[in-house]
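Below, chain A is the first sequence line, B the second, and so on; all start at residue 1. Worth saying up front: this structure is predicted, and the values here are computed from it rather than measured.
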Amino acid sequence: MSERKYWLMKSEPYEFSIDDLMSRENQTTYWEGVRNYQARNFMRDQMKVGDGVLFYHSRVNPLVIAGTMNVASEPYPDPSQFDPDSKYFDEKATEEKPRWFLVDVQFTQKFEPPVTRDTLQETPGLEDMMVLRKGARLSIQPVTEQEWNIVHELAGVDPK
DNA sequence: GCCAACGTTGGC
DNA sequence: GCCAACGTTGGC
């Protein structure tokens with residue numbers, strides 16, 4: 001019985017938002033397009049089914065945590081790396097030696113209203129949150145259980 | 001839309 | 001294997 005871990009995953013909502021996730025079949029999607037090794041390694045090596053994920057909307061105003069998801073699959077190769085028509089195509093990746101991995105994620109809850117970055121920044125206990133650090137570009141980040149709980153308090157809902 | 005910070009690439 | 005050049009990210 002392994003301990004549940006917590007994560008934050010970023011998406012530009014005009015590309016893929018929490019509403020898009022909610023409208024998918026089973027409210028589940030594959031988190032395609034990660035092309036950063038550190039972020040890939042988190043998905044490939046550390047994520048477990050059932051882990052909690054904060055859904056962060058980046059490059060938009062206001063910047064928010066829009067809600068939460070659960071890791072819903074084991075890691076597997078990102079199909080888009082093999083697809084020449086995909087913007088995520090990687091000519092150096094092969095089916096035998098895939099370079100990029102992903103997991104499925106399933107919608108858990110939407111924060112109404114969402115928790116803004118401004119709120120996160122002024123909340124005690126979140127000082128070390130990676131997403132708040134200047135220049136933090138990593139699109140998948142670990143979150144502590146304490147941070148997970150505080151964010152849910154700010155959202156006014158119970159953690160699930 | 002700008003641009004600083006960051007990650008990756010590739011010549012040497 | 002260093003590091004300059006380049007491309008990308010993401011807050012503002």
Side-chain angles (χ1 to χ4, degrees), chain A residues 5-24 29-47 51-71 75-105 107-144 146-156:
Chain A
K5 291 201 280 293
Y6 304 94
W7 308 94
L8 177 145
M9 291 165 80
K10 299 179 188 172
S11 178
E12 299 167 19
Y14 40 88
E15 297 281 345
F16 188 79
S17 71
I18 197 160
D19 291 322
D20 294 327
L21 176 63
M22 292 169 72
S23 69
R24 292 287 174 95
T29 192
Y30 42 90
W31 201 261
E32 72 169 6
V34 169
R35 294 294 180 268
N36 169 285
Y37 289 106
Q38 208 179 342
R40 177 204 68 182
N41 292 348
F42 283 137
M43 288 197 288
R44 189 191 60 184
D45 305 334
Q46 293 199 37
M47 282 192 185
D51 281 0
V53 183
L54 301 172
F55 193 140
Y56 182 84
H57 282 178
S58 66
R59 279 195 71 101
V60 73
N61 193 17
L63 297 159
V64 296
I65 293 175
T68 61
M69 313 179 274
N70 269 306
V71 175
Y76 60 95
D78 181 344
S80 67
Q81 69 193 306
F82 310 126
D83 176 4
D85 295 329
S86 169
K87 67 174 175 176
Y88 300 120
F89 178 63
D90 184 342
E91 60 179 9
K92 292 180 181 163
T94 64
E95 306 261 0
E96 296 73 33
K97 285 195 84 175
R99 205 185 249 210
W100 306 109
F101 290 78
L102 52 65
V103 295
D104 291 348
V105 286
F107 173 77
T108 302
Q109 58 182 336
K110 184 176 178 177
F111 294 159
E112 304 275 14
V115 178
T116 67
R117 181 183 179 89
D118 289 345
T119 298
L120 298 176
Q121 276 169 331
E122 61 196 26
T123 300
L126 300 183
E127 294 85 356
D128 295 332
M129 218 172 159
M130 197 181 291
V131 73
L132 300 179
R133 289 215 269 275
K134 189 173 180 227
R137 286 171 40 171
L138 195 58
S139 65
I140 299 180
Q141 310 175 355
V143 168
T144 67
Q146 182 197 26
E147 289 162 351
W148 172 262
N149 288 331
I150 291 174
V151 168
H152 281 81
E153 276 177 40
L154 294 171

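Using modelled atom types and a 3.5 Å distance limit, the side chains of S80(A) and R35(A) yield a donor-acceptor pair. In this structure, a donor-acceptor pair under 3.5 Å is absent between the side chains of D78(A) and Y30(A).
For Y37(A), the ring pair (Phe, Tyr, Trp, His ring centres under 6.0 Å) test picks out W100(A), with sequence neighbours left out. Checked against side chain to side chain donor-acceptor pair (under 3.5 Å), Q46(A) has no partners two or more places apart in sequence or in another chain.
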Do any N or O atoms of the protein come closer than 3.5 Å to N or O atoms of nucleotides 4-8 of chain B, and which pairs are they?
residue, atom, partner, partner atom, Å
dA5(B), OP1, K134(A), NZ, 3.1
dA5(B), N3, R137(A), NH1, 3.3
dC6(B), O2, R137(A), NH1, 2.1
dC6(B), O2, R137(A), NH2, 3.3

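Rounded to an integer number of Å, the gap from CD of Q141(A) to C1' of dT9(C) is 12 Å. Here the P atom of nucleotide dC12(C) and the CG atom of N61(A) are 10 Å apart, to the nearest Å.
A salt bridge is absent between E127(A) and R133(A); no separation between the charged side-chain nitrogens and carboxylate oxygens falls under 4.0 Å.
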